[in-house]
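Only a predicted model underlies this, so the values are computations on that prediction, with no experimental measurement involved.
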Protein chains: 2
Amino acid sequence: MTSSEAGFRDLSAPTPGGAKRSGAAGVAKRSVAAGAAKRSGAGGPVVAPALGAAARLRVAIPSVADRVAAELRLQLAEGLLLPGVRLTESTISEELGVSRNTVREAFAELAAERLVVRHPNRGVFVASLGPGDIHDVYTVRRFIEVSAIRGGGSPERVAAVRAAVEEGRAAAAADDEEALGNANQHFHGAIVALAGSRRLNTIMAQVLAEMRLFFHKATVDAHFYRNYLDDNEEICQALEAGDLERAGELLLAYLDRSEEKQSAVHGD
Amino acid sequence: MTSSEAGFRDLSAPTPGGAKRSGAAGVAKRSVAAGAAKRSGAGGPVVAPALGAAARLRVAIPSVADRVAAELRLQLAEGLLLPGVRLTESTISEELGVSRNTVREAFAELAAERLVVRHPNRGVFVASLGPGDIHDVYTVRRFIEVSAIRGGGSPERVAAVRAAVEEGRAAAAADDEEALGNANQHFHGAIVALAGSRRLNTIMAQVLAEMRLFFHKATVDAHFYRNYLDDNEEICQALEAGDLERAGELLLAYLDRSEEKQSAVHGD
DNA sequence: AATCGAAGAATTGTTGAACAATCCGTAGAT
DNA sequence: ATCTACGGATTGTTCAACAATTCTTCGATT
């Protein structure tokens, strides 16, 4: 399974910038087309001319490398790319229609997020978490989430936690396991968001992204998250009641139980 | 001040791999030197042939991009590259003797660590932290450090905290402000290390690296850290005595005071 | 037969060059 | 004095080449 059978979206088409020469040997000196001959190449896909306006509107326009990283992040989250799988530069480069160098830049991003691991001269592999990593991830979560909930938060932020609980309830009613998992992550994300710290939010987002990497194996148990629904409800109620001490303890117990379960599912 | 007057070390010489063609057009087909003719190129700098052995010894051999990132990280920490300064790709590329693409990869690493900020199509700049960022950084520290110290740690790890305290004392005795600052960072690093979590350690390392970015301005006050020596001692004693609750509270008070001071030094 | 090692293929690491797109400062027109 | 067109500088991205390393395969040897 070389990861190439996944349905990659083509990222090269809507790219602003990008030479996209047809392919012939590059003997063409730069003498021609030095002046105002813009977009003169053989009938490449012409992009909408309104792109300049977008730039003026200060819309964040992610670079191709960023979009490649985003795409890979998505496939990682969807479980399309299983842990341990090798990501070949040339394959992804072709599949996504971008250059190998750009893929390389995207890899640097993902490696910084620990989603992939670089083995020098051997390639990058989808990160696979061992038992030690699972404990480590839960340690981070205990530190951050419990501290966050014990600090409380503004009413709107508490409401966001509540919303995540309801989101999970709805997903359970609809029997949508996927949505249930997402709701659970939103719940914990909302707890961290109580602190209103940009850095803590991104740290938490990264940790959750890491967890998605090995959660796919765990979801075989159809009602894996279902047990947590009541826990979330209870925690949320304590939070809303202002009993932060109790909310913290409930959350801590929850995390301990969750870690235990995860450790059991994976070879301990 | 374009950051180019800093004394860059040349990273290109000891590089394993790297074509380093003299410059002429690359019409030389790859037909020649296909077999055993290794290191046949025109008299480039010949590296020690023992490099293969190093690889066999599984010594981590960082890529050039990593070394560029490390070099920049160092200059950032030393305060050679002030916040807000623009880092031009071509300049660094020449200065360090590596290709622009490699510099680019290093930038991706540093951007992921928040040490530099990318402005699309405008370049990368040394990150500069505003008042909000200072508060944010201290929020992260409060969460992680206080949780860590309240969890206690093995005797060896407590000893490491003690060692950092003594290190600071020695630096103060020697009137070495630089060493004093480092000792202080070691102290807080050691506190987080109590938890024994790889991820928390790297998170803390990154946060401290961010702080170094704006600490240089603060160090004008000659005995800025000196006030903290007694705090550290007190915290360490509580930790050693097993009074984790008190240690946590002392640390929390310390962080609050520290944030206040930093906020005062910087605008607002 | 099992093992060792060497030729070969595949892939990564790094470079250099090319060019499109964008940004910025400046000079010219209104 | 303000706006606009022009040019230079720099980033974003691609391509092609090649060195070094790892992986594979296939013989040759004990």
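In the model, Glu210(A) has no side-chain atom that pairs as donor or acceptor with a side-chain atom of Gln206(A) under 3.5 Å.
In this view, Asp136(A) and Arg199(B) satisfy the salt bridge (Lys or Arg N to Asp or Glu O under 4.0 Å) rule, not counting sequence neighbours. Residues meeting the salt bridge (Lys or Arg N to Asp or Glu O under 4.0 Å) test with Arg114(B), sequence neighbours left out: none. Applying the salt bridge (Lys or Arg N to Asp or Glu O under 4.0 Å) test to Arg118(B) and every residue at least two apart in sequence or in another chain returns nothing. With sequence neighbours excluded, no residue forms a salt bridge (Lys or Arg N to Asp or Glu O under 4.0 Å) with Arg157(B). By the side-chain hydrogen bond (donor to acceptor under 3.5 Å, both in side chains) test, Ser93(A) pairs with no residue at all, sequence neighbours left out.
Between Thr102(B) and the phosphate of dG13(C), there is no side-chain N or O to OP1/OP2 separation shorter than 4.0 Å.
The distance from atom CZ of Phe107(B) to atom P of dT10(D) is 13 Å, rounded to the nearest whole Å. Look at CG on Leu96(B): it is 17 Å from C1' on dG16(C), rounded to the nearest Å.
Nearest nucleotide to the side chain of Arg118(A), out of dT14(D), dG13(C), dT13(D): dG13(C).
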Every protein N/O lying under 3.5 Å from an N/O of nucleotides 10-12 of chain C:
from    : atom 1 : to       : atom 2 : distance (Å)
dT11(C) : O3'    : Arg86(A) : NH2    : 3.1
dT12(C) : OP1    : Glu89(A) : N      : 3.4

